[in-house]
There are 2 protein chains.
Amino acid sequence: MKDGPDIARIGALIGDPARANILSALLSGKALTASELAAEAGITGQTASSHLKKLMEGGLLAQAKQGRHRYFTLADADVGATLEALMGLAARKGHLRTRTGPKDPAMRAARVCYDHLAGHMAVRMFDSLQSRGFLEVTTEPGGLGLTASGEAFVTGFGIDLSDLRSKRRPLCRACLDWSERRDHLAGALGAALLVQFQKHDWVKRETGSRVVHISPKGERDLKALFPIHS
Amino acid sequence: MKDGPDIARIGALIGDPARANILSALLSGKALTASELAAEAGITGQTASSHLKKLMEGGLLAQAKQGRHRYFTLADADVGATLEALMGLAARKGHLRTRTGPKDPAMRAARVCYDHLAGHMAVRMFDSLQSRGFLEVTTEPGGLGLTASGEAFVTGFGIDLSDLRSKRRPLCRACLDWSERRDHLAGALGAALLVQFQKHDWVKRETGSRVVHISPKGERDLKALFPIHS
DNA sequence: ACAACGCTTCGATCTGTGTCGAAGCATTCG
DNA sequence: CGAATGCTTCGACACAGATCGAAGCGTTGT
């Protein structure tokens with residue numbers, strides 16, 4: 001019965017509502033201070049401090065001290081992907097529990113998943129990339145790679161591939177989208193694409209939330225850049 | 001702060017050690033009775049009953065009444081995949097906590113992940129399939145599909161594809177292997193392959209555990225069937 | 001240097017829930 | 001039909017841990 005890794009420890013960490021709120025807030029990818037997270041979770045500073053300590057010990061969070069603030073982020077992209085997977089389960093099994101909030105439609109349209117785009121538009125992007133033969137199954141970490149034509153495409157979009165490859169992080173990774181029940185693109189490339197979209201003013205992040213707003217121009221240009229096989 | 005699905009509910013379910021043991025035991029894919037699960041988790045029958053009720057309400061388990069027994073399984077393959085992902089996090093972040101048990105090496109070599117093969121040999125198989133161009137990225141559910149040559153290959157191995165496709169379940173899916181940190185093949189095809197291996201007496205499941213033993217003949221034939229690009 | 005701010009530690013409280021014994025229902029078997 | 005088995009419900013207990021007030025420590029700013 002003591003087979004495999006200790007899954008209960010991590011489950012218990014995620015299982016507390018306050019900590020779950022903290023992790024959800026951090027899924028926005030932004031570094032947040034301890035007090036911001038306390039407000040986000042609806043608890044006092046002291047309580048948050050205790051929770052953050054536990055999350056650190058559990059290896060789910062990374063911190064950066066800066067002056068009298070302490071900024072927290074998710075430890076790495078794997079944590080984000082696992083949380084997104086859990087959200088998929090929760091959304092599906094959650095029956096009536098999760099009454100959809102006001103921001104729900106916007107979240108499903110486009111949101112940030114740690115550091116890359118998720119939601120309807122992200123899935124469209126992934127589909128377009130694969131149907132045009134830009135992605136392939138490989139043995140490199142992440143299990144996904146760019147084809148030659150794919151490399152040309154993203155380079156033409158202003159992305160420096162050699163820079164991305166120099167990092168330890170996998171270039172491409174599939175991440176299960178909880179609202180669409182389909183994969184979208186994560187990894188270093190997924191993050192770089194989101195940065196490019198913001199540079200073009202195609203998308204704009206809502207402050208203090210994971211929601212991403214797509215401008216009319218962005219909507220048009222993104223659909224042109226990532227056409228769907230009719 | 002109330003963004004997205006209620007992740008805490010599922011986290012709390014997995015977070016209790018007894019329940020985590022139950023879920024881990026069920027990851028073997030076998031249907032187990034309430035008393036078997038109680039023994040597995042090291043608790044009495046009444047306590048197990050309470051846990052099983054909660055897991056049912058949470059949608060993580062499915063049950064089948066049969067005579068005076070109640071057989072439980074994981075609700076679906078998604079639950080299994082999510083648990084495996086959590087194990088990945090736990091193994092990586094668990095620092096020194098998880099002192100590896102006696103069965104650990106065997107588990108890493110080959111084990112059952114809900115209904116398909118996982119571990120070293122499973123990853124080798126996945127690598128071999130992809131490097132020979134049998135798998136491709138697609139838009140169908142699961143994000144992975146068989147190429148024409150891939151279809152010929154598995155059909156030649158005695159697998160009835162039309163039968164598999166008739167089910168609602170995705171044919172191919174990547175599942176993150178916690179011991180190898182790489183993808184292996186899940187989905188209907190992954191399950192069908194494991195069945196074939198057992199029919200050939202290449203692999204034999206250890207009773208009451210997830211461990212899968214590979215016979216000498218199986219080792220030889222599997223390596224021949226799934227060669228690695230040298 | 002003093003005050004304000006951000007965060008942590010300590011201590012006390014209190015709710016939630018995991019646990020088991022005993023009793024209660026089914027189902028199966030002799 | 002009565003006994004045994006598998007499981008659930010009820011009730012009581014105990015412990016873990018979530019919470020907050022108050023105090024302490026370090027940094028920043030005036």
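Because the structure is a prediction, the values reported are computed rather than measured. Naming: A, B, ... by sequence-line order, numbering from 1 per chain.
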Expressed as a whole number of angstroms, how long is the span from [X]:[atom1] to [N]:[atom2]?
{"X": "A:K65", "N": "D:dG26", "atom1": "NZ", "atom2": "C1'", "result": "8 Å"}
{"X": "B:Q63", "N": "D:dG6", "atom1": "CD", "atom2": "P", "result": "18 Å"}
{"X": "B:D16", "N": "D:dG17", "atom1": "CG", "atom2": "P", "result": "11 Å"}
{"X": "A:K53", "N": "D:dG17", "atom1": "NZ", "atom2": "P", "result": "14 Å"}
{"X": "B:I22", "N": "C:dG18", "atom1": "CD1", "atom2": "P", "result": "11 Å"}
{"X": "B:L13", "N": "C:dT17", "atom1": "CG", "atom2": "C1'", "result": "13 Å"}
{"X": "A:H69", "N": "C:dG6", "atom1": "NE2", "atom2": "P", "result": "6 Å"}
{"X": "A:I14", "N": "D:dG17", "atom1": "CD1", "atom2": "C1'", "result": "18 Å"}

Distance-only side-chain donor-acceptor flag, A:S24 / A:R210, under 3.5 Å =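 A:S24 vs A:R210: no donor-acceptor pair found between side chains.
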Give the nucleotide from the list [options] with an atom nearest to the side chain of [X].
{"X": "B:H51", "options": "C:dG18, C:dT9, D:dC20", "answer": "C:dG18"}
{"X": "A:Q46", "options": "D:dT19, C:dA22, C:dT9", "answer": "C:dT9"}
{"X": "A:R68", "options": "D:dT19, D:dG6, D:dT28", "answer": "D:dT28"}

Given side chains that start at C-beta, do those of B:I159 and B:Q196 come closer than 4.5 Å, heavy atoms only?
->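 Yes; the side chains approach each other to less than 4.5 Å.
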If you pin A:Q66 and A:S50 to their nearest nucleotides in DNA chain D, which one's is more 5'?
->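 With A:Q66 and A:S50 compared, the 5'-side residue is A:S50.
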Verify the contact: side-chain N or O of [X] to OP1 or OP2 of [N], cut-off strictly under 4.0 Å; return yes or no.
{"X": "A:R19", "N": "D:dA18", "value": "yes"}
{"X": "B:T44", "N": "C:dC20", "value": "yes"}
{"X": "A:T47", "N": "D:dC20", "value": "yes"}

State whether B:D201 and B:K217 are salt-bridged, where the test is any N-O pair (Lys NZ or Arg NE/NH1/NH2 against Asp/Glu carboxylate O) under 4.0 Å.
->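 The answer is no: the pair does not qualify as a salt bridge.
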Answer with base, sugar-phosphate or nothing: what part of the nucleic acid does B:A18 contact at a heavy-atom distance below 4.0 Å?
->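 Contact class for B:A18: sugar-phosphate only.
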With a non-hydrogen cut-off below 4.0 angstrom, is B:K54 in contact with a base, only sugar-phosphate, or nothing?
->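 It contacts sugar-phosphate atoms only.
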Starting at NZ of B:K30, measure out to CG of B:L74 and round the result to the nearest 0.5 Å.
->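 The CG atom of B:L74 is 14.0 Å from NZ of B:K30, to the nearest 0.5 Å.
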Closest heavy-atom pair and its distance - B:A90, A:P5 =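 Residues B:A90 and A:P5, closest heavy atoms: CB-CB, 3.7 Å.
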